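Residues take their numbers from the sequence shown, with the count starting at 1. Quick caveat, the model's predicted, so the values are computed rather than measured.
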Amino acid sequence: MTNFSVRNLTIAAAIAAGFLAGCTPSPKVEEKKPEEIVSARAAERWQELMQLDFEGAYAYLAPSVKTVLSADGFKRRYSLDPRQTKAPWTKAEVRSIVCTDNESCNVQVYVESVPNIPQFKGMVTSATIDERWIEQDGQWWLYLK
């Protein structure tokens, strides 16, 4: 009877060990902070604009914005001459990001451009553009008004 009890105890211990192994937390995947994600996405979107890839840049818009702004409307928003083959933007740098919560961030992007106006040929202008990014459906998107 002793062997039977030891055997049952061994089986019970093995089963318990199996259950406990299933409860062991898996190594945590390092999650990025909202500021890191938004910084990368804002920079990527500006790269798309500088390549005149308006479809690519449009893909960064919040789904809620896309319900009221078409891809053509987005492109027209920039008022570029349709014959223009070179983007006016020559540099775009994310300068600051302030996330007020886990659902929205305010981003400042420093942008340099060369106007496509004969009188200003060779002139470089710069501006700091304020952007608002929101988390929607598990992803960060540019929110346009």
>> Testing the basics here: between Glu48 and Ala57, what is the closest heavy-atom pair and its distance to 0.1 Å?
In response: CB-N, 3.6 Å
> Roughly how far, to the nearest 0.5 Å, is the CE atom of Met50 from the OG1 atom of Thr90?
Replying inline: 8.0 Å
> When hydrophobic residues are tied together by side-chain contacts of less than 4.5 Å, even through go-betweens, does Tyr110 share a cluster with Ile97?
Replying inline: no
>> For a side chain to side chain contact (heavy atoms under 4.5 Å, CB included) check, start with the C-alpha distance between Leu144 and Arg77, then their side-chain angles and the critical distance, and finish with the verdict.
In response: CA-CA 11 Å; Leu144 294 177; Arg77 185 180 179 116; 4.1 Å; yes
>> Could you measure the distance from the CG atom of Asn106 to the OH atom of Tyr143? Nearest 0.5 Å is fine.
In response: 13.0 Å
>> Tell me the closest heavy-atom pair linking Ser104 and Thr100, and the distance in Å.
In response: OG-OG1, 3.0 Å
>> Restricting to non-hydrogen atoms, name the atom on Trp141 and the atom on Gln136 that form the minimum distance, rounded to 0.1 Å.
In response: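 The pair with the smallest heavy-atom distance is NE1-O, 3.0 Å.
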>> With side chain to side chain contact (heavy atoms under 4.5 Å, CB included) as the criterion, how do Leu142 and Arg45 come out once you've worked through the C-alpha distance, each side chain's angles and the decisive distance to 0.1 Å?
In response: CA-CA 9 Å; Leu142 176 65; Arg45 186 184 88 80; 3.2 Å; yes
>> Main chain of Glu36, side chain of Ser39: is a donor-acceptor contact present, judged purely on distance under 3.5 Å?
In response: no
>> To check you understand the geometry: which heavy-atom pair defines the closest contact between Val94 and Ala42, and what is its length?
In response: CG2-CB, 3.9 Å
>> We want to know whether Trp133 and Glu131 form a side-chain donor-acceptor pair, criterion being a heavy-atom distance below 3.5 angstrom.
In response: yes
>> Would you say CG of Asp130 has more than 12 non-hydrogen atoms from neighbouring residues, nucleotides or ligands within 6.0 angstrom?
In response: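 Counting neighbours around CG of Asp130, more than 12 heavy atoms of other residues, nucleotides or ligands fall under 6.0 Å, so yes.
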> Stepwise, does the side chain to side chain contact (heavy atoms under 4.5 Å, CB included) test hold for Tyr58 with Lys66?
Replying inline: CA-CA 8 Å; Tyr58 182 76; Lys66 290 179 185 176; 3.5 Å; yes
>> So Arg41 and Gln139, do their side chains get closer than 4.5 Å, heavy atoms only?
In response: yes
> Quick one: does Tyr60's side chain have a donor or acceptor within less than 3.5 Å of a partner on Glu44's backbone?
Replying inline: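 Looks like no, no N/O pair under 3.5 Å.
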> Any side-chain heavy atom of Phe54 within less than 4.5 Å of one from Leu49?
Replying inline: yes
> Is there a donor-acceptor contact under 3.5 Å from the side chain of Asp72 to the main chain of Lys75?
Replying inline: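 The answer is no, because no donor-acceptor pair under 3.5 Å joins these two groups.
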> Just how far is it from atom CZ of Phe74 to atom CD of Glu55, taken to the nearest 0.5 Å?
Replying inline: 11.0 Å
> Minimum heavy-atom separation for Trp140 to Ile37, with atom names?
Replying inline: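 It is CD1-CG2, 3.6 Å.
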>> If I take atom CD from residue Glu93 and atom CH2 from residue Trp46, how far apart are they, to the nearest 0.5 angstrom?
In response: 12.5 Å
>> Whether the side chain of Glu135 engages the backbone of Gly138 through a donor-acceptor N/O pair (distance < 3.5 Å, no angle test) should be reported.
In response: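 Indeed, once roles are kept as given, a pair shorter than 3.5 Å links the two residues.
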